[in-house]
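Step one of this worksheet: look at the structure below.
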Amino acid sequence: MTDLYAVIGNPIAQSKSPLIHATFARQLGEDLRYEAILAPRDGFRAAVAAFRSQGGKGLNVTVPFKLEAFALATLRTERAEQAGAVNTLKFDGENIVGDNTDGAGLIDDICNRLGFTLAGNRVLLMGAGGAARGVLLPLLREHPATVTIANRTVEKAIALVRRFEPFGVIDGGDYARLAGRKFDVVINATSASLHGELPPVPAALFAPGALAYDMDYGSAPTRFLNYAREQDATRLADGLGMLVAQAAESFLLWRGVRPNVESVIAQLRGA
């Protein structure tokens with residue numbers, strides 16, 4: 001019997017998850033079907049219940065339901081607990097296992113696919129919303145020299161510092177306090193690129209050999225990546241690799257096997 005999985009969100013038509021997971025299944029010879037579910041914004045729980053009643057085995061969860069997925073989960077991984085949000089659900093008997101694979105996807109993309117070492121390096125994470133929160137624990141587990149959070153709303157940055165300071169060397173505040181500092185890795189976890197905007201970063205932010213990484217992705221470089229190139233960042237990367245890698249982490253949770261991401265990234269680039 002073919003196992004059923006899906007991505008759930010609102011909106012959902014833009015999701016690449018069905019293509020990604022269908023490609024993973026063909027690659028590994030896994031017998032599954034993967035769908036997209038458009039759930040009413042006030043109907044997440046009902047949509048999940050209906051999916052389970054059809055024999056659904058697991059869900060990827062996208063906006064705006066990651067907090068509701070966190071509340072729905074009866075068991076949560078540590079990274080989901082620390083992120084305070086869930087993007088992957090696995091239905092295991094009566095239990096609903098909640099995970100957050102975003103950080104694992106980011107680390108896999110930076111360290112494995114791009115071959116960039118985080119250990120001992122200075123990391124700047126711009127933004128203090130759900131995207132930033134989801135990747136902080138995996139980032140700190142790589143033992144960087146420091147992780148600095150910059151955000152327009154200082155209180156949000158400080159709140160994340162307090163939450164995650166037991167896990168590593170971390171500080172945070174507004175963008176103005178970055179003046180004069182250099183970073184080896186600069187990660188844009190804000191929504192600025194979605195609107196063609198640039199976070200208010202000071203000049204001369206990138207250390208020699210630095211990596212500029214934007215969690216957003218598209219057919220053309222984001223404004224942040226163009227700015228990083230002008231500022232002599234040595235390496236540039238968008239978030240497509242992270243998208244595919246976090247999907248692979250979900251696939252591993254569900255099926256117990258890890259897909260190869262390179263061919264899928266190449267396919268999406270071509271599309």
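Quantities reported herein were computed from a predicted structural model and do not represent experimental measurements.
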On a heavy-atom basis, the closest approach of Arg41 and Pro64 is NH1-CG, 3.4 Å
Check against side chain to side chain contact (heavy atoms under 4.5 Å, CB included), Asp109 and Tyr213 | CA-CA 10 Å; Asp109 195 39; Tyr213 193 102; 2.6 Å; yes
Apply side chain to side chain contact (heavy atoms under 4.5 Å, CB included) to Leu125 and Leu136, showing your working.
-> CA-CA 9 Å; Leu125 182 64; Leu136 266 169; 3.9 Å; yes
Could you check if a side-chain atom of Val7 sits within less than 4.5 angstrom of a side-chain atom of Tyr34, using non-hydrogen atoms only?
-> yes
Which residues satisfy the ring-ring contact (aromatic ring centres under 6.0 Å, His included) test with Phe51, sequence neighbours excluded?
-> none
Is Val264 reachable from Val257 through a run of hydrophobic residues whose side-chain heavy atoms are each under 4.5 Å from the next?
-> yes
Mind checking what makes salt bridge (charged side-chain N to carboxylate O under 4.0 Å, His left out) contact with Asp108, not counting sequence neighbours?
-> none
Any chance you could pull the hydrophobic cluster mates of Phe183, using side-chain heavy atoms under 4.5 angstrom and chaining through other members?
-> Leu124, Met126, Tyr175, Leu178, Val186, Leu198, Val201, Leu205, Phe206, Phe224, Leu225, Tyr227, Leu236
Residues at least two apart in sequence or cross-chain that pass ring-ring contact (aromatic ring centres under 6.0 Å, His included) with Phe44, listed by chain then number, are Phe65
Flag the pair Val97 / Leu89 as yes when at least one side-chain heavy-atom distance between them is below 4.5 Å, and no otherwise.
-> no
Are Val123 and Met242 connected, step by step, through hydrophobic side chains (Ile, Leu, Val, Met, Phe, Trp, Tyr) whose heavy atoms are closer than 4.5 Å?
-> yes
What are the two closest heavy atoms between Ala247 and Ile20, and how far apart are they?
-> CB-CG2, 3.8 Å
Does any N or O in the side chain of Asn151 come within less than 3.5 Å of the main-chain N or O of Lys156, such that one atom is a donor and the other an acceptor?
-> no
Asn60 side chain to Ser17 side chain, donor-acceptor N/O pair below 3.5 angstrom = no
Under 4.5 Å between any side-chain heavy atoms of Leu118 and Cys111, yes or no?
-> yes
May I ask whether Val147 and Val161 are part of the same hydrophobic cluster, defined by side-chain heavy atoms of I, L, V, M, F, W, Y residues being less than 4.5 angstrom apart, directly or through others?
-> yes
Atom pair CD (Glu81) and CG (Leu137), whose distance is rounded to the nearest 0.5 Å | 11.5 Å
Passes salt bridge (Lys or Arg N to Asp or Glu O under 4.0 Å), Asp238 versus Arg269? Steps please.
-> CA-CA 11 Å; Asp238 68 12; Arg269 292 279 186 214; 2.8 Å; yes
Heavy-atom side-chain contact between Thr148 and Ile170 under 4.5 Å | no
Applying side chain to side chain contact (heavy atoms under 4.5 Å, CB included), run through Gln82 and Arg163 and close with a yes or a no.
-> CA-CA 8 Å; Gln82 293 302 327; Arg163 182 176 183 88; 3.9 Å; yes
Which atom of Leu67 lies closest to which atom of Gly84, heavy atoms considered = CD2-O, 3.2 Å
Please confirm whether the backbone N or O of Ala80 pairs with a side-chain atom of Thr77, one donor and one acceptor, at under 3.5 Å?
-> yes
For Pro138, the side-chain contact (heavy atoms from CB on, under 4.5 Å) test, sequence neighbours excluded, returns Ile107
Listed by chain and number, what are the salt bridge (charged side-chain N to carboxylate O under 4.0 Å, His left out) partners of Asp216, not counting sequence neighbours?
-> none
Those residues that, when tested against Tyr5, pass ring-ring contact (aromatic ring centres under 6.0 Å, His included) (two or more places apart) = Trp254
When rounded to the nearest 0.5 angstrom, what distance separates OG1 in Thr2 from CG in Leu32?
-> 8.0 Å
Mind telling me whether Phe24 and His21 have parallel, tilted or perpendicular rings, with 30° and 60° as the class edges?
-> perpendicular
On a heavy-atom basis, the closest approach of Gly127 and Ala132 is O-CB, 3.3 Å
Can you find a heavy atom in the side chain of Lys66 that is under 4.5 Å from one in the side chain of Asp102?
-> yes
Between Asp184 and Arg235, does at least one N-O distance fall below 4.0 Å, as a salt bridge requires?
-> no
Any side-chain donor paired with an acceptor under 3.5 Å for Arg152 and Thr190?
-> no
Shortest non-hydrogen separation from Ala228 to Ala212 and the atoms involved | CB-CB, 3.4 Å
From Thr222 OG1 over to Leu194 CG, what is the distance, rounded to the nearest 0.5 angstrom?
-> 10.0 Å
Taking C-beta and beyond as the side chain, do Ile187 and Leu139 meet within less than 4.5 Å on heavy atoms?
-> yes
Dump the intermediate steps for salt bridge (Lys or Arg N to Asp or Glu O under 4.0 Å) on Asp171 and Arg177, then the final yes or no.
-> CA-CA 11 Å; Asp171 67 282; Arg177 68 188 297 273; 2.9 Å; yes
Can you name the side-chain hydrogen bond (donor to acceptor under 3.5 Å, both in side chains) partners of Asp3, sequence neighbours left out?
-> Arg255
To the nearest 0.5 Å, how far apart are OG1 in Thr74 and CZ in Phe91?
-> 10.0 Å
So, Asn10 side chain and Ala39 main chain: donor-acceptor pair closer than 3.5 Å or not?
-> yes
Report the residues that fulfil salt bridge (charged side-chain N to carboxylate O under 4.0 Å, His left out) with Glu35, sequence neighbours left out, ordered by chain and then residue number.
-> Arg33
Just jot down the side-chain contact (heavy atoms from CB on, under 4.5 Å) partners of Leu253, sequence neighbours excluded, or say none.
-> Thr88, Lys90, Asp99
The salt bridge (charged side-chain N to carboxylate O under 4.0 Å, His left out) partners of Arg258 (sequence neighbours excluded) come to Glu249
Backbone N/O of Thr146 and side chain of Arg122: donor-acceptor pair under 3.5 Å | no
Gly196 to Arg223 - nearest heavy-atom pair and separation = O-CD, 3.3 Å
In this structure, OG of Ser250 is separated from CG of Asn100 (nearest 0.5 Å) by 9.0 Å
Residue pair Pro259 / Leu28, side-chain heavy-atom distance below 4.5 Å = yes
Charged N-O contact under 4.0 Å between Lys57 and Asp92 | no
About how many Å separate CG of Leu59 and CG of Leu4, when rounded to the nearest 0.5 Å?
-> 8.5 Å
Between Asp214 and Tyr217, is there a donor-acceptor pair closer than 3.5 Å when you use the side chain of the first and the backbone of the second?
-> no
Tracing side-chain links under 4.5 Å among I, L, V, M, F, W and Y, which residues wind up in one group with Val154?
-> Ile158
Side chains of Ser193 and Asn188, donor plus acceptor under 3.5 Å | yes
Kindly indicate whether the side chain of Phe164, heavy atoms from C-beta on, has any atom under 4.5 Å from the side chain of Arg133.
-> yes
Step by step, work out the side chain to side chain contact (heavy atoms under 4.5 Å, CB included) result for Ile265 and Leu240.
-> CA-CA 7 Å; Ile265 294 171; Leu240 185 64; 4.3 Å; yes
